[in-house]
Amino acid sequence: MRKVKYFVANSLDGFIARPDGAVDWLFMDGTDYGMSGFFKSIDTMLLGRKTYEFALAHTGSSKSKTAKSGSSKSKPVKSKNPFAGFSTYVFSRTLKDAPDYGATLVSENAGEFVRELKKQEGKDIWLMGGGGLARSLFAEGVVDEIGLNIHPLLLGAGLPLFPEIGRQIDLELLDCKAHKNGCVQVSYRVKS
């Protein structure tokens with residue numbers, strides 16, 4: 001059966017973004033942090049609406065940016081698909097239109113949907129960022145692994161890594177690696 005992996009970067013004090021959603025504090029020094037191997041292990045992405053909209057806004061979605069031409073009109077910017085090569089599911093109860101780039105909108109029970117998705121053929125599934133969706137999937141017991149890239153800084157406030165899951169979840173350490181820049185990468189298996 002496929003595994004759902006919550007793989008995310010966070011501050012040492014447990015935030016995935018500043019209060020306004022900014023991630024300008026992330027180390028962008030060319031360190032791989034295991035991402036190349038991770039991307040080879042997955043073929044599906046799960047995103048909440050806010051993470052999906054953030055991803056589009058920061059990759060130049062044709063709906064979110066325009067380019068000025070020589071005339072007074074602006075033209076949509078054609079951009080690279082941020083979800084290319086992955087089956088992408090966006091979980092939202094407020095979105096009415098189908099998401100861009102072939103992503104599938106899911107408005108039904110997230111836990112039931114993901115349980116069925118895990119039974120299908122394929123590689124593992126990435127639960128990408130977003131505390132709200134993570135909270136609901138942890139509560140439903142469908143997350144199998146947690147991978148954290150802990151950055152050596154304290155944000156002091158922000159969007160929490162684990163917003164009130166509502167129950168204890170026991171973990172088993174799978175791996176731990178310290179990087180020269182001070183980031184620590186850890187991965188855990190969620191115990192049944």
Side-chain angles (χ1 to χ4, degrees), residues 1-11 14-24 26 38-39 42-66 76-77 79-148 155 157-169 171 188 190 192:
M1 184 179 293
R2 302 165 79 185
K3 293 183 281 190
V4 173
K5 300 177 177 182
Y6 184 43
F7 192 83
V8 64
N10 60 286
S11 64
F15 297 106
I16 58 173
R18 294 190 189 280
D20 65 357
V23 292
D24 58 316
L26 289 173
F38 177 75
F39 282 129
I42 63 167
D43 63 5
T44 303
M45 297 170 63
L46 310 177
L47 301 91
R49 177 192 53 82
K50 291 176 186 173
T51 302
Y52 167 74
E53 289 173 347
F54 181 87
L56 289 183
H58 289 82
T59 55
S61 163
S62 60
K63 285 187 176 180
S64 67
K65 292 192 176 192
T66 58
V77 172
S79 64
K80 184 177 175 186
N81 180 350
F83 314 115
F86 298 99
S87 296
T88 305
Y89 298 92
V90 178
F91 292 79
S92 175
R93 293 197 168 114
T94 59
L95 284 178
K96 302 298 179 209
D97 296 326
D100 286 341
Y101 296 114
T104 301
L105 179 63
V106 179
S107 55
E108 60 197 73
N109 180 288
E112 290 176 21
F113 183 88
V114 173
R115 266 190 276 288
E116 290 303 313
L117 193 61
K118 288 173 69 170
K119 293 177 186 176
Q120 297 175 7
E121 288 290 321
K123 295 181 180 181
D124 289 335
I125 302 165
W126 181 16
L127 171 53
M128 181 184 173
L133 179 59
R135 177 184 59 232
S136 68
L137 295 183
F138 275 107
E140 289 284 340
V142 296
V143 178
D144 302 290
E145 291 183 11
I146 300 169
L148 304 176
L155 287 179
L159 305 178
L161 174 63
F162 298 109
E164 298 185 29
I165 295 170
R167 66 182 178 95
Q168 177 176 318
I169 298 175
L171 306 172
Y188 295 94
V190 175
S192 300

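From a predicted model like this one, the values you see are computed outputs, not experimental measurements.
Atom CG in Leu95 sits 7.5 Å away from atom OH in Tyr52 (nearest 0.5 Å). Remark: Leu47 CG to Ser92 OG distance equals 11.5 Å, nearest 0.5 Å. Remark: Thr44 OG1 to Lys5 NZ distance equals 12.0 Å, nearest 0.5 Å. Interatomic distance, CG of Asp124 versus CD of Glu145, reported as 7.0 Å (0.5 Å rounding). Annotation: the span from Phe7 atom CZ to Leu148 atom CG amounts to 9.0 Å, rounded to 0.5 Å. Once rounded to the nearest 0.5 Å, the distance linking CG of Asn10 with CD1 of Ile16 reads 8.5 Å.
Panel note: side chain Asp144, backbone Val4; a donor-acceptor pair is recorded below 3.5 Å. For the pair Arg18 (side chain) and Asp24 (backbone), a donor-acceptor distance under 3.5 Å is absent. Using modelled atom types, one side-chain atom of Arg2 and one backbone atom of Lys123 make a donor-acceptor pair closer than 3.5 Å. Side-chain N or O atoms of Lys118 include one that pairs as donor or acceptor with a backbone N or O of Val142 at under 3.5 Å.
Residues Leu133 and Ala110 share a closest heavy-atom pair of CD1-CB, 4.3 Å. Minimum heavy-atom separation, Leu26 to Ala9: CD2-CB, 3.5 Å. Residue Leu161 comes nearest to Tyr6 through the heavy atom pair O-OH, 3.0 Å, listed as atom of the first residue, atom of the second, then distance. Of all non-hydrogen atoms in Ala103 and Val90, the two that sit nearest each other are CB-CG2, 4.0 Å. In plain terms, the two heavy atoms of Pro19 and Ala157 that are nearest each other are CD-O, 3.7 Å. Considering every non-hydrogen atom in both Ala134 and Leu127, the closest pair reads CA-CD2, 3.8 Å.
Counting heavy atoms of neighbouring residues, nucleotides and ligands inside a 6.0 Å radius, atom CD of Glu164 does not exceed 12 of them. Residue Arg167 places its CZ atom among more than 12 non-hydrogen atoms of other residues, nucleotides or ligands, all under 6.0 Å distant.
The aromatic rings of Phe39 and Phe86 are tilted relative to each other, their planes meeting at an angle between 30° and 60°.
Taking 4.0 Å as the cut-off between side-chain N and carboxylate O, Glu116 and Lys119 count as a salt-bridged pair.
Using a 4.5 Å heavy-atom threshold, the side chains of Leu46 and Leu117 count as touching. Counting heavy atoms from C-beta outward, Thr94 and Arg49 have side chains that approach closer than 4.5 Å. Leu171 places a side-chain heavy atom less than 4.5 Å from the side chain of Ile146.
Residues that satisfy the ring-ring contact (aromatic ring centres under 6.0 Å, His included) test with Phe91, not counting sequence neighbours, are Phe113.
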